[in-house]
Amino acid sequence: MAAKLVAHNYFHSSDTPKIVSRNHFGTQKTNQSPFAITKPRFSKPPHIHGKQSKTSETLIPSDNLTLTRALLAFIESGSTENAVYLFEEMNHSETYTWNLMIKGLVYNGLFKEAIEFSHRMDFEGVRADKYTYPFVIKACAGLLCLKEGEKVHAKLVKVGLDLDVYICNSLVSMYMKVGCVELGEKVFKEMPLRDLVSWNSMISGYQLAGDGLSSLVWLKEMALAGIRPDAFSFTSGLGACSIEGCGRNGKEIHCQVIRNGFEMDLMVETSLINMYGKCGNVDYAERVFNRIVHKNIVTWNAMIAGYVFNACFYQSFSCVKKMQEVSELKPDTITMINLLPSCAQMGALLMGKSIHASAIRKGFIPHLVLETALVDLYGRCGKLKLAEHVFVRINGKNLASWNTMIAAYVQNGHYREALELFQHILYESVKPDAITIASILPAYAELTSLSEGRQIHAFIIKLGLSSNTIISNSVIYLYAKCGDLQTARRCFDAMLCKDVVSWNTIIMAYAIHGFGRISIQLFREMIENDTEPNKSTFVSLLSSCSISGMVDEGWEYFNSMKRDYGIDPGIEHFGCMLDLIGRTRNLDLAKHFIEEIPFVPTARIWGSLLAASRKTNDIELAEAAAKHALSLEHDNTGCYILLSNVYAEAGRWEDVERIKSLMIREGLEKTIGCSRVETNYKINRFFDQDMSNAQMNTITDVKDIILKMTEEKEDVYARSITKLRRKDLTRRRPNSPENHSVRLAISFGLISTELGSPVLVRKNIRICEDCHNFAKTISKITKREVVVGDSKVFHHFQDGSCSCGDYW
């Protein structure tokens, strides 16, 4: 904001101040001094109107005390324009009169005008006193203008007022608010005398800067200095506890509140509700809330926010209803901002739209925070068009707005749009923060190459965010998805503060690469490090067991969730276990397991059963599973393709054509296989049956050599069909696996990368069985590791075998 103000010439680098006059409020009459404004654009004060001469002598009484009182009345009532009019008509040679005007402008949020009035005061030779500067400094803080604040500070040193306690308090507050906490602390330490306001300025300053820990340290230092805290001290301390999630410190402050007799102060009680809510103690928040007799809208909003923060979404709506019925208060902007995350998490799109409509009717929009919350709502509910509609209409977008839109794109799989928006932010010279980077890294992981992943990692280090735990977790995920598991592990080992997400991420990283044993070892290390696992931990762990075929271990960890950790298995855990059962080809157990699931089976559950049915050629069960899956997700292309492959492998070509017709009728198309391999920092993309690459002749020669070495001279597609195949299947088909994108990419990688180095290929869909066999053969013949990351897992091919155990 400060940069924007400077860009608009709100402040001046020259010593000559910009003259403040009625030009700000009306037009200037010619042939008069620049300060004699007699034709304002606003009406005259009511008590000034009358059948009087327009001369100042007859218009205004000569008693300057009466005028001063009138000026004060205008200022206190917020009639700034009338106050300026009166100020111009009276004798303003006294410092007190100028102080009144500057104070009035500051209290009415006219910070720029207040600073310009101080320039004009200096220009007219009126000497500022110790009561002038605190308001001028407050104006600088209001505009977040450090440069102008430093000018005022320098002038204070020059006139010898830099050690006045009231002025120093204002300087501390100003420096803290603009983010220069070191300068604020320096002023504080140089003060010869400190009062309660001085300490509160430090405590609240660090809290506003987001450094809750330092704020609590200063609160403790104040107590050691023998200064008794007031309500503002406790409010700032409780806000610091909310930032750091320090529930224990919050309870200690609560005890001090009671001992000092502030337990009935509404502001303190509201801060207690907020603190307990942010620290996860919603029961304590309710106790404080229920003791309050006269609740205002801020108190209700604090309780609603506490419910939302602790995922008590239904309670948040009940609280709003109770607020309207009991206290007869109407929801304000903050109420709506608090409720929208509940709608987003519950998927309550209709309720969210109702809140949106109500906000428009009540005139709450435009409102930056409210509109950003709406973007988040529509993004989480999968309504990207609505999210974009709200986003493009936000005036004065801040970084949070950009971050929310990027997150919306990523959550809905629109990774390319997310990357484009991120590039736009950089082009606009908006400095990304930790949330920006954490939001965009999944898009880099899905779409970009390893070298581009390394570039964004270098950018993170340059921004000074490499030590951020959330960012480090995303970097681990990035390298894992880009196929560089070793770098992912190095990043994990280098982390100073590992949270449960860090462990979950590295466990899942080894899981998707097929190294389940290492995932289990990491889980044991996690427990030894006293990190409590959560539901996501077991999703990662059970996925490891499923992908690596560790059946006994999978059952053991599944049963231990409730027994040892008190975690109820969710539908995602049952899905992992069904995948694991599918590996055993025990379909009776799989059907029984689905019947025992305490949830309504999802399309993902039925899809797992369909995949297991294909492995055992159980067409009847495959049809039943597909019927259930398509009833839940009629546009599930993968389900149609999988069922079509079941029919094809059984030789039921009429059913294959029927499935194809169904897909056409539903407007669905099979995703074209695309594989990409990076060589010399360039991404090379290959598509199924696309022979347009400039080096296609060389690529074809490589494939032919491998086929000759393995004596695969017949069409591998025709060879894979064993029952009732048509005659034309023995001829080369247009969709033959011989020209699948992954084969083209592997062959290209062999001739374009350094001899002996791994060949890394990324594929947008699951690898087919024929290409899987081809990759195993390549790794055996060339003695090189071939890594293929498909839409589910990474396959590490070495010496003719795959890390997935031929089940994926």
Side-chain angles (χ1 to χ4, degrees), residues 582 585 587 590-591 603 606-675 686-691 703 707 710-744 763-777 790-792 806-808:
R585 302 175 187 251
L587 297 186
K591 289 187 290 184
W606 294 113
S608 296
L609 184 61
L610 174 58
S613 304
R614 181 188 178 188
K615 293 293 182 181
T616 58
N617 298 317
D618 191 329
I619 298 177
E620 184 178 350
L621 185 59
E623 289 176 331
K627 181 179 179 181
H628 283 293
L630 293 172
S631 67
L632 296 170
E633 295 180 1
H634 64 88
D635 58 348
N636 190 327
T637 306
C639 188
Y640 282 110
I641 299 299
L642 198 54
L643 183 59
S644 176
N645 291 338
V646 172
Y647 286 138
E649 289 169 2
R652 293 173 53 170
W653 302 106
E654 293 79 7
D655 288 320
V656 172
E657 295 299 328
R658 179 173 60 84
I659 295 297
K660 188 180 296 183
S661 300
L662 279 174
M663 291 181 65
I664 294 173
R665 190 170 66 193
E666 292 288 338
L668 303 176
E669 294 182 359
K670 181 179 179 180
T671 303
I672 298 176
C674 174
S675 299
F686 297 87
F687 296 90
D688 288 349
Q689 316 307 323
D690 182 10
M691 311 297 287
K703 289 194 304 172
L707 288 174
T710 56
E711 299 181 351
E712 291 184 31
K713 296 182 180 180
E714 59 175 324
D715 192 321
V716 291
Y717 184 85
R719 181 169 53 80
S720 66
I721 303 301
T722 57
K723 297 180 181 179
L724 304 175
R725 66 173 181 246
R726 293 177 176 179
K727 294 181 180 179
D728 63 348
L729 287 176
T730 57
R731 298 194 299 272
R732 194 173 301 277
R733 292 171 58 89
N735 61 344
S736 169
E738 182 180 342
N739 292 322
H740 276 184
S741 64
V742 69
R743 293 196 181 203
L744 302 176
K763 184 174 172 64
N764 64 332
I765 57 177
R766 306 266 296 267
I767 186 172
C768 71
E769 185 175 357
D770 295 299
C771 292
H772 192 270
N773 292 331
F774 175 82
K776 289 199 297 184
T777 303
D790 65 15
S791 59
K792 184 179 180 182
D806 296 338
Y807 189 97
W808 68 100

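Small disclaimer: the values here were computed from a predicted structure and weren't measured.
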Checking side chain to side chain contact (heavy atoms under 4.5 Å, CB included) between C771 and each of R743, K776, R766, which is the one that passes?
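Of the listed residues R743, K776, R766, the side chain to side chain contact (heavy atoms under 4.5 Å, CB included) partner of C771 is R743.
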Check for a donor-acceptor pair, side chain of S644 on one end and backbone N or O of Y640 on the other, with a separation under 3.5 Å.
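Flag not set: sc S644 to bb Y640 has no pair under 3.5 Å.
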Can a donor-acceptor pair be found, under 3.5 Å and without considering hydrogens, that links the side chain of D635 to the backbone of G667?
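It does not hold such a pair.
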[atom2] on [Y] to [atom1] on [X], rounded to 0.5 Å:
| X | Y | atom1 | atom2 | answer |
| --- | --- | --- | --- | --- |
| I767 | K792 | CD1 | NZ | 13.5 Å |
| H772 | D790 | NE2 | CG | 8.5 Å |
| I659 | L643 | CD1 | CG | 4.5 Å |
| R658 | S661 | CZ | OG | 9.5 Å |
| E649 | R614 | CD | CZ | 4.0 Å |
| E633 | N636 | CD | CG | 5.0 Å |

Please test S675 against L744 for side-chain contact (heavy atoms from CB on, under 4.5 Å), starting from the C-alpha separation and ending with a verdict.
CA-CA 8 Å; S675 299; L744 302 176; over 6 Å; no
Side-chain donor-acceptor contact under 3.5 Å, E657 with Y647
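Checked: E657/Y647 side chains show no N/O donor-acceptor pair below 3.5 Å.
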side-chain contact (heavy atoms from CB on, under 4.5 Å) assessment of I619 paired with R652:
CA-CA 10 Å; I619 298 177; R652 293 173 53 170; 3.2 Å; yes
Can you tell if the side chain of L621 reaches within under 4.5 Å of the side chain of K591, non-hydrogen atoms only?
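Side chain of L621 against side chain of K591, heavy atoms only: contact under 4.5 Å found.
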